[in-house]
Peer 1: 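Please read through the structure below; I'll follow up with questions.
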Amino acid sequence: MSTIEQAPAKHVGRSLRRKEDPRLITGRAQYVDDITLHGMLHMAVVRSPEAHARIVSIDTAAASAMDGVTAVFTGEDLSDLLAPLPMAWAPPGVEMKVPERWPLARGTVNHVGDAVAMVVGEDKYVVADAAQAVVVEYEPLAVVVDLEEALKDEVLVHESLGTNKTHEWSMGGGDVAAAIAAADVVVEQRIVNHRIAGAPIEPRGVIAEYRSGSLTVWSSTQVPHLLRLFFAVQMGIAEDHVRCIAPEVGGGFGGKLQVCAEETLCAWASKQLGRPVKWIETRSENMAVSHHGRDQVDYVTIAAKSDGTITAFHANIIQDCGAYLGLLTPMIPELGAFVMTGCYKIPNVKTDITGVLTNKYITDAIRGAGRPEMTHMLEVMIDQLAARLEMDPIELRRKNFIPADEFPYETPYGITYDSGDYAATLDRALEMLDMDALRAEQASLREQGTLRGVGFSTYTEICGLAPSRAVGPKGFGLGIGLYESALIRVHPTGTVTVFTGTSPHGQGHETGFAQIVADRLGTDPSCVEVIHGDTATGPMGLGTYGSRSLSVGGVAAAHAAEKLAEKCREIVAFNLEANVADIEVGDGRFSLVGDPDKGMTLAEIAGCAYIDATAMPEGMELGLEQSLIYDPSNFVFPFGAHVCVIDIDAVTGKAEVVRWIAVDDCGPAINPMLIDGQIHGGIVHAIGQALFERISYDENGQLETGSFVSYALPSAAELPSFETDRTETPSPVNSLGVKGVGEAGTIAASAAVTNAVIDALRPLGIDFINMPLTSMRVWEAIQEKGGAPA
Ligand code: MCN
């Protein structure tokens, strides 16, 4: 019997307002920069203005002499560090070229913003000024910025590696070459998935305090436990003497899933100087040296029979890693390759990936991490194929969907999709859209100079990152297996604390997890506090990313609560002199089946467990506390259908999203409002990439988009209200039936925008444009075809 049946849901499924919001919207939340410690020093980083250069000399004398400066350190000073910054992916059988990456450069700088020295002093203004006074002499080296140029190895980013190619990796099934040779139709396309920023509201920030042999670090991170593990290794401090705390974190979008140079710099400097050290990233630093995402060039081929049956899909991906490899850099496209067939039954598939180094900052996981790129290329190619076949793209999708009755479905490359009903989400989206009316509007708008387009994206993704055996060292090659932990403590008065190893930074776990636990313990979510982001409170956890928190961490909390509920039932049965099997939880208490007046509240049960041992069954351990680690058997595979309706001004090229329909399926909703919030944010992220955002470097490796003046984030004014709905197809993988949703909108949406823009422009003879579909790019495409229609 599933857990859902055992514990009748009361709070689960409700759009409860977020418990965390009052403190966030009244300014009561505590972010890293709100913390001041006694005797705290401040740190600023001296960064390279050169994209590639040998460091000839560093003169710190003037900076050191400035009032209020405590110390200036360079890479040589940090020679006692036991390990460089980590890269955590080593798949068995894949040869990786990994350039060493130290928190302060040793000998050369390899991208603009590379850290060369740090200045520590009494206040943040002093150290900012002193950083300017550090004189670094550079001998410039040749720069390579374009990833395809870099592959030629004519300019090497790291001379010592002898190549810019970091690795090659392939995955697939069937016989792609034979299927392409035998196909009726073959469509090829070069698709550029350009570099973007994570752009959280709160840039990164760190405070480190080394005192009496123990290190405490407050960091705006998504992974406090991983950080602790790393500090233990890098600084040689016993893990139990390291505590990492992620206080309130103002968004991460993957950008804080990293072990950062500045975290080490603060910790190391605190140990040297015996005082706490703080560093708060500026927005310009955030744009330059918080990792970027995407940045790959994809050579894609799709093959089909003339009736629209897709027979093969091949992607040759070149990934721009930047100048070094971050925590997960080379793994990102591989994660996308796990869902290279998307929603479709494609018997022959292959993804070939090549990682390449350039003189730019590192790329790594940004919301979706590989899956937006994979979905983008597949969904754009579906529309390209439909056009070639002169077939309705909706019908082409439908024809190739994996049917609902074929789940669990094993892909040709050995991944098992858990559950799905792709046609159901598409049907619902079409119902909401009214395609006939839309096509009629499209025709009349065209006469008025507005080019309207409609674009679809039907996606499935892989998330719920775990299970340990699949992703760990002997599986997919991560340095550590992924599982999640929960510790639940019912206090003597019946209030509940849940400690989770997940580390939310905007997702609303305090609310959703409280709903799950409250239902299982017969209490109200307001009586359940969820504590996260502190390695000193709960068991080892792996953090929040990969839309894993609910389907791994939330399920851990559910299981721990169920174990506690079992103990509660035994205590109640003992006190009512009833059978355990006759005690049920519901309506705020544990009571006798068929006689709800006879029962006990959680507070009364806790009273037995902590206060009156005679009210406990003989031999039962006192207290009400349960710790648990959950390691699922498989990933989970959410899916959905997104529709973008876009209007393009034929004269200016400006594209405006006028309607967005999203029907997503992430299993049974714990809290529909949380899901909507995640979907909204996810879609905006992808619309941003598709229409506006782009991290750009010039040919000398200078960052051209170093602030929000030049990096265009969309605001509410550029966006329509989203029309969302859900279907609920439970996953058989976990007892809640849930799947992830935190990245779904981002994974789905960029292809829908691109397909809509191409749909609008196709009558002008334009059949493909790469993102970002800025007014300039669209205008140029229209000009190439003779300008706006009269
Ligand atoms: N949820 C639910 N019912 C479901 C599925 C999910 O109520 N059936 C809720 C969960 O309880 C949780 C939220 O939806 O509150 C997201 O859950 P999940 O999909 O498990 O994703 P994570 O919590 O692991 O969040 C990670 C994901 C990622 S990878 C990025 S990047 C991201 C994102 O979430 N960054 C975010 N959402 C973000 N939201 C904010 N505000 N800020 C970020 O930086």
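In each ligand, atom 1 is the first atom listed, and ligand 1 is the first ligand listed.
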Peer 1: Select one of side chain, backbone, both or neither to describe which atoms of Y545 lie under 4.0 Å from any atom of ligand 1, heavy atoms only.
Peer 2: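 Y545 to ligand 1: backbone contact only, side chain stays beyond 4.0 Å.
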
Peer 1: Need the ligand 1 atom indices (1-based, order shown) with element for anything under 4.0 Å from a heavy-atom of G740.
Peer 2: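 Answer, ordered by atom number: 19 (O).
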
Peer 1: At under 4.0 Å between heavy atoms, is it the side chain or the backbone of H505 that contacts ligand 1, or both, or neither?
Peer 2: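 Under 4.0 Å from ligand 1, H505 contributes backbone and side-chain atoms.
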
Peer 1: Once you restrict to heavy atoms under 4.0 Å, what part of I675 touches ligand 1? Side chain, backbone, both or neither.
Peer 2: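 Contact part for I675 vs ligand 1: side chain (C-beta onward).
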
Peer 1: Pick whichever of V552, V738, L550 has a heavy atom sitting closest to atom 4 (C) of ligand 1.
Peer 2: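 Closest candidate by heavy-atom distance is L550.
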
Peer 1: Could you tell me if N286 and E281 have a donor-acceptor pair between their side chains, going purely by distance under 3.5 Å?
Peer 2: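 Yes - a donor-acceptor pair under 3.5 Å links their side chains.
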
Peer 1: Is there a heavy atom in P504 that sits closer than 4.0 Å to ligand 1?
Peer 2: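 False for this residue.
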
Peer 1: In terms of atom number and element, which parts of ligand 1 are under 4.0 angstrom from non-hydrogen atoms of L674?
Peer 2: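 Every atom of ligand 1 under 4.0 Å from some heavy atom of L674: 15 (O).
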
Peer 1: What about N671: any of its N or O atoms under 3.5 Å from an N or O on ligand 1?
Peer 2: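 Right, the criterion is met.
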
Peer 1: Which residue, I196, I366, I747, N193, forms the side-chain contact (heavy atoms from CB on, under 4.5 Å) with P372?
Peer 2: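 The residue from I196, I366, I747, N193 that satisfies side-chain contact (heavy atoms from CB on, under 4.5 Å) with P372 turns out to be I747.
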
Peer 1: If you measure every N or O of G742 against every N or O of ligand 1, does any of those distances drop under 3.5 Å?
Peer 2: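 By distance alone, the answer is yes.
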
Peer 1: Of the protein's non-hydrogen atoms, which lies at the shortest distance from atom 16 (C) of ligand 1, and what is that distance?
Peer 2: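 The protein heavy atom lying closest is Q678 CG, 3.9 Å.
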
Peer 1: Report the residue from D364, L335, T363 that forms a side-chain contact (heavy atoms from CB on, under 4.5 Å) with L328.
Peer 2: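 Going through the options one by one, the only one that passes is D364.
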
Peer 1: By number and element, which atoms of ligand 1 are closer than 4.0 Å to a non-hydrogen atom of G506?
Peer 2: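 Here the atoms of ligand 1 in question are 40 (C), 41 (N).
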
Peer 1: With atoms numbered from 1 as shown, which atoms in ligand 1 lie under 4.0 angstrom from a non-hydrogen atom of G251?
Peer 2: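 Those of ligand 1 that fall under 4.0 Å from G251 are 44 (O).
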
Peer 1: Just which atoms of ligand 1 are under 4.0 Å from any heavy atom in E743?
Peer 2: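 The list of qualifying atoms is 28 (C), 29 (S).
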
Peer 1: So is there a nitrogen or oxygen of C666 less than 3.5 Å from a nitrogen or oxygen in ligand 1?
Peer 2: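 Yes; at least one N/O pair falls below 3.5 Å.
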
Peer 1: Verify the distance criterion only: is there a donor paired with an acceptor across the side chains of Q689 and S750 at less than 3.5 Å?
Peer 2: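 Q689 vs S750: no donor-acceptor pair found between side chains.
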
Peer 1: Hey, which atoms in ligand 1 end up nearer than 4.0 Å to a heavy atom of T544?
Peer 2: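 So the atoms of ligand 1 that pass are 22 (P), 24 (O), 25 (O), 26 (C).
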
Peer 1: D664 and H642: side-chain donor and acceptor closer than 3.5 Å?
Peer 2: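 Per modelled atom types, D664 and H642 side chains form a pair under 3.5 Å.
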
Peer 1: Are E510 and R18 close enough, and set up right, to give a salt bridge (charged side-chain N to carboxylate O under 4.0 Å, His left out), and what steps lead you there?
Peer 2: CA-CA 8 Å; E510 290 172 37; R18 297 192 347 157; over 6 Å; no

Peer 1: For ligand 1, is there an N or O atom under 3.5 Å from any N or O atom of I670?
Peer 2: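 Yes - when backbone and side-chain N and O of I670 are compared with those of ligand 1, one distance drops under 3.5 Å.
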
Peer 1: Side chains of D418 and S731: do they bring a donor and an acceptor to under 3.5 Å?
Peer 2: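 A donor-acceptor contact under 3.5 Å links the two side chains.
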
Peer 1: Which word best sums up how the rings of F253 and H685 line up, parallel for under 30°, tilted for 30 to 60°, or perpendicular for over 60°?
Peer 2: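 The arrangement is perpendicular - the two ring planes meet at more than 60°.
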
Peer 1: Check whether NZ of the Lys or CZ of the Arg R548 lies under 6.0 Å from the centre of the six-membered ring of Y545 and within 45 degrees of that ring's axis.
Peer 2: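 Positive - R548 is close enough to the ring of Y545 and near enough to its axis.
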
Peer 1: Identify which of H509, M673, Q515 has a heavy atom lying nearest to atom 23 (O) of ligand 1.
Peer 2: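 That would be H509.
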
Peer 1: As a check for students: among S549, G554, P638, identify the option with a heavy atom nearest to atom 24 (O) of ligand 1.
Peer 2: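 Considering heavy atoms of S549, G554, P638, the nearest to atom 24 (O) of ligand 1 sits in S549.
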
Peer 1: Is it the case that ligand 1 has an N or O less than 3.5 angstrom from some N or O of G546?
Peer 2: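 Between G546 and ligand 1, no N or O pair is found under 3.5 Å apart.
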
Peer 1: What atoms of ligand 1 come closer than 4.0 angstrom to any heavy atom of P668?
Peer 2: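 Counting from 1, the qualifying ligand atoms are 4 (C), 8 (N).
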
Peer 1: Taking non-hydrogen atoms only, is Q507 closer than 4.0 angstrom to ligand 1 via side chain, backbone, both or neither?
Peer 2: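 Contact part for Q507 vs ligand 1: both backbone and side chain.
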
Peer 1: Can you list the ligand 1 atoms lying under 4.0 Å from a non-hydrogen atom of G254?
Peer 2: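 Going through ligand 1 atom by atom, the ones under 4.0 Å from G254 are 31 (S).
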
Peer 1: Are the ring centres of F637 and Y459 closer than 6.0 Å?
Peer 2: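 Here the rings of Y459 and F637 have centres that are no less than 6.0 Å from each other.
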
Peer 1: Starting from atom 43 (C) of ligand 1, locate the nearest protein heavy atom and write down its residue, its atom name and how far away it is, to 0.1 Å.
Peer 2: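 Looking at atom 43 (C) of ligand 1, the protein heavy atom closest to it is F253 CE2, 3.2 Å.
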
Peer 1: Specify whether Y409 and Y417 have parallel, tilted or perpendicular ring planes, treating 30° as the upper limit for parallel and 60° as the lower limit for perpendicular.
Peer 2: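 The arrangement is tilted - the two ring planes meet at 30° to 60°.
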
